[in-house]
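Working notes for the structure below.
Values reported hereafter were calculated over all heavy atoms of this structure, with side chains retained and with hydrogens, waters and symmetry mates removed.
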Amino acid sequence: MRRHLLTLRALERPQIEALLDAAQAYADDGGRSRPALAGRPVATLFYEPSTRTEMSFELAAARLGAVVLRCDVDHSSVRKGESLVDTARTFEALGAEVLVIRHPASGAPALASRHVEASVINAGDGMHEHPTQGLLDLLTVRQIKGRLEGLRVAIVGDVLHSRVARSAAWGFTKLGARVILTGPATLLPSASPVPGAGMTSSLDEALEGADVVMTLRMQMERQAGGFVPSLAEYARGFGITDAALARARSDAILMHPGPANLGVEVSLDAAYGARSVISRQVENGVFIRMAALEWVVGRMETRRPSTVERHKALDDMAQVAG
Ligand code: NCD
């Protein structure tokens with residue numbers, strides 16, 4: 001069945017788990033190629049800058065054998081005023097089965113999806129959602145902690161403008177983790193965007209007992225200004241340093257979606273330190289995007305047991321034997 005992937009809000013827990021399991025199977029295979037999209041065009045339309053997301057979608061598409069049609073927005077007909085829908089329809093006419101869209105306007109990929117037969121994947125829309133980022137965050141934590149259920153996840157920083165925070169909060173909450181959103185009061189929405197996710201302007205409260213600390217980039221391009229007195233003051237209050245991490249659990253891990261403003265929302269020492277899983281997040285982005293591309297075109301392989309499940313099965317067997 002052909003689908004779109006626009007939000008994690010709209011996905012049910014079993015769908016999220018199926019995507020994580022498929023991605024984990026790719027990770028177990030070391031990202032080996034599988035020709036699920038052999039010769040089929042996949043278009044990437046990025047109306048905002050990107051390094052990790054765009055490159056990992058390209059690599060994921062290549063590993064599935066697809067032909068990537070990369071729309072260089074600044075050198076395309078978008079510069080002549082072509083609308084998003086017209087651009088999407090043009091790529092569809094070129095044969096694209098999947099349109100991967102990043103856009104500064106919240107809801108832009110959803111709008112495009114209503115005007116094309118192709119599958120649309122939201123690669124980040126304004127301040128709304130970034131579902132494949134949320135999925136790769138879930139996969140990373142599940143690999144390291146062996147579970148998601150019952151974990152405490154602190155999401156720190158510019159929550160107000162962050163699509164990463166929204167997708168992560170939906171994903172972790174749906175999979176049974178407890179999410180606490182924190183930042184200066186000026187950078188928090190008036191109410192928690194995700195039912196079940198807590199919100200506090202006290203970093204200490206958020207870090208207390210946290211298994212996962214996720215810092216967010218200050219979204220300077222989305223801030224009208226005046227949200228914090230200065231970046232230095234923000235860093236002193238909410239920047240994640242080794243000292244701040246020491247307030248979380250002793251085995252807490254540090255995440256950041258990238259790109260990081262080192263010295264602002266996260267210190268260089270913490271970002272490159274032993275608790276940081278930032279590179280693992282990037283690595284997992286490719287596996288998640290392979291799974292997402294297959295899922296939207298209805299060609300995701302039937303489930304193979306994930307590493308976590310295999311370990312659990314082995315533990316169960318050991319217990320029975322013991
Ligand atoms: C994020 C994005 O663009 O939403 N980056 C990413 O996709 N890895 C986070 C950000 O830019 O702050």
(Q) side chain to side chain contact (heavy atoms under 4.5 Å, CB included), that's the test. Do Phe57 and Val68 meet it? Break it down for me. (A) CA-CA 9 Å; Phe57 264 114; Val68 177; over 6 Å; no
Q. Going through the distances and angles, do Leu8 and Leu135 end up as a side chain to side chain contact (heavy atoms under 4.5 Å, CB included)?
A. CA-CA 8 Å; Leu8 286 195; Leu135 290 169; 3.9 Å; yes
Q. Do Leu160 and Arg222 pass the side chain to side chain contact (heavy atoms under 4.5 Å, CB included) test, and can you show the C-alpha distance, the side-chain angles, and the key distance before you say yes or no?
A. CA-CA 10 Å; Leu160 183 63; Arg222 292 183 231 286; over 6 Å; no
Q: Let me see the working for Arg13 and Glu149 under salt bridge (charged side-chain N to carboxylate O under 4.0 Å, His left out), right down to the final yes or no.
A: CA-CA 12 Å; Arg13 180 174 181 149; Glu149 189 82 49; 3.0 Å; yes
Q.
Let's go through Glu48 and Arg163 carefully: what are the C-alpha distance in whole Å and the side-chain angles of both, what is the deciding distance for salt bridge (charged side-chain N to carboxylate O under 4.0 Å, His left out) to 0.1 Å, and is it a yes or a no?
A. CA-CA 13 Å; Glu48 272 192 349; Arg163 54 195 179 209; 2.9 Å; yes
(Q) I'd like to know whether Glu205 forms a salt bridge (charged side-chain N to carboxylate O under 4.0 Å, His left out) with Arg247, so could you lay out the CA-CA distance, the side-chain angles of the two residues, the decisive distance to 0.1 Å, and finally the verdict. (A) CA-CA 10 Å; Glu205 199 184 306; Arg247 276 135 63 195; over 6 Å; no
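One hydrophobic cluster, built from ILVMFWY side chains closer than 4.5 Å, holds both Val264 and Val266. If you chain together hydrophobic residues whose side chains sit under 4.5 Å apart, Val164 and Leu6 never meet in one group. Following chains of ILVMFWY side-chain contacts shorter than 4.5 Å, one can reach Leu11 starting from Val100, so the two form part of one hydrophobic cluster. Under the 4.5 Å side-chain contact rule for hydrophobic residues, Leu20 and Val153 share a cluster. Tyr234 and Leu188 fall into different hydrophobic clusters, defined by Ile, Leu, Val, Met, Phe, Trp and Tyr side-chain heavy atoms under 4.5 Å apart, directly or through other members.
Judged as a side chain to side chain contact (heavy atoms under 4.5 Å, CB included), and not counting sequence neighbours, the contacts of Thr173 are Val179, Val194, Ala197. With sequence neighbours excluded, no residue forms a ring-ring contact (aromatic ring centres under 6.0 Å, His included) with His4.
Proximity of a side-chain donor or acceptor of Gln223 to a complementary backbone N or O of Met220 within less than 3.5 Å is not detected. The backbone N or O of Lys80 sits nowhere less than 3.5 Å from a side-chain atom of Ser77 that would complete a donor-acceptor pair. Using modelled atom types, no side-chain atom of Ser162 and backbone atom of Val159 make a donor-acceptor pair closer than 3.5 Å. One N or O on the side chain of Thr186 and one on the backbone of Phe227 form a donor-acceptor pair closer than 3.5 Å. Between the side chain of Ser276 and the backbone N or O of Ala271 there is at least one donor-acceptor pair closer than 3.5 Å. In terms of modelled atom types and a separation under 3.5 Å, the side chain of Ser119 and the main chain of Arg3 share a donor-acceptor contact. Under a 3.5 Å cut-off, the side chain of Arg178 and the backbone N or O of Phe172 do not form any donor-acceptor pair. The backbone N or O of Ser267 sits nowhere less than 3.5 Å from a side-chain atom of Thr241 that would complete a donor-acceptor pair.
Closest of all the heavy-atom pairs between Val98 and Ala118 is N-CB, 4.4 Å. Of all non-hydrogen atoms in Ala210 and Ala248, the two that sit nearest each other are O-CB, 3.7 Å.
Other residues, nucleotides and ligands contribute more than 12 heavy atoms inside 6.0 Å of the CZ atom of Arg52. When the shell of 6.0 Å around CD of Glu233 is examined, it contains more than 12 heavy atoms from other residues, nucleotides or ligands. Other residues, nucleotides and ligands place no more than 12 heavy atoms under 6.0 Å from the CZ atom of Arg9. Enclosure of atom CD in Glu117 is not indicated, since only 12 or fewer non-hydrogen atoms of other residues, nucleotides or ligands lie within 6.0 angstrom.
Ion pair Glu129/Arg166 not flagged as a salt bridge, since none of the NZ, NE, NH1 or NH2 atoms sits closer than 4.0 Å to an Asp/Glu carboxylate oxygen. Arg236 and Glu265 are not joined by a salt bridge, as no carboxylate oxygen comes within less than 4.0 angstrom of a charged side-chain nitrogen. Note on Arg70 versus Glu58: salt bridge recorded, some NZ/NE/NH1/NH2 to OD/OE distance being below 4.0 Å. At a threshold of 4.0 Å, the pair Arg275-Asp242 does not count as salt-bridged, since none of the basic side-chain nitrogens sits closer than that to a carboxylate oxygen. A salt bridge links Glu97 and Arg2; the closest N-O separation between the charged side-chain nitrogens and carboxylate oxygens is under 4.0 Å. At a threshold of 4.0 Å, the pair Glu221-Arg217 counts as salt-bridged, since one of the basic side-chain nitrogens sits closer than that to a carboxylate oxygen. For the pair Arg152 and Asp211, the salt-bridge criterion is not met [side-chain N within less than 4.0 Å of a carboxylate O]. Residues Arg142 and Asp21 are paired through a salt bridge, judged by an N-O separation under 4.0 Å between the basic side chain and the carboxylate.
Residue His256 holds its NE2 atom at 6.5 Å from CD1 of Ile278, rounded to the nearest 0.5 Å. The CE atom of Met199 sits 9.5 Å away from atom OG1 of Thr182, with the distance rounded to the nearest 0.5 Å. Interatomic distance, CD1 of Ile121 versus OG1 of Thr132, reported as 7.5 Å (0.5 Å rounding). With rounding to the nearest 0.5 angstrom, the CG atom of Leu293 is 13.0 Å from the CZ atom of Arg40. In this structure, CG on Leu175 lies 13.0 Å from CZ on Arg147, to the nearest 0.5 angstrom. Taking CG of Asp158 as the reference point, atom OG1 of Thr215 lies at 11.5 Å (rounded to 0.5 Å).
Side-chain N/O atoms of Arg102 and Thr53 include a donor and acceptor closer than 3.5 Å. The closest side-chain donor-acceptor pair between Gln133 and Ser167, if any, does not fall under 3.5 angstrom. Between the side chains of Gln281 and Asp137, at least one donor N or O sits under 3.5 Å from an acceptor N or O. Between the side chains of Ser33 and Arg63, no donor-acceptor pair of N or O atoms lies under 3.5 Å. Arg34 and Tyr26 share a side-chain donor-acceptor pair at under 3.5 Å. Asn284 and Thr140 are linked by a side-chain donor-acceptor pair at a separation below 3.5 angstrom, with hydrogens and angles left out of the test.
Between Trp295 and Leu5 there is a side-chain heavy-atom pair separated by less than 4.5 Å. Residues Val78 and Ser83 form no side-chain contact, since every pair of their non-hydrogen atoms from C-beta on lies 4.5 Å or further apart. A heavy-atom distance below 4.5 Å is found between the side chains of Ile101 and Val120. The shortest side-chain heavy-atom distance between His130 and Asn122 does not fall under the 4.5 Å cut-off. Side-chain contact between Glu54 and Thr44 is present, with heavy atoms from C-beta onward closer than 4.5 Å. For the pair Glu82/Thr90, a side-chain contact is recorded, criterion being any heavy-atom separation below 4.5 Å from C-beta on. Taking 4.5 Å as the limit, every side-chain heavy atom of Leu254 sits out of range of all side-chain heavy atoms of Val277. Side-chain contact between Trp170 and Thr7: absent, with no pair of heavy atoms (C-beta onward) separated by less than 4.5 Å.
Note: His103 and Tyr47 have tilted aromatic rings, judged against thresholds of 30 and 60 degrees for the angle between ring planes.
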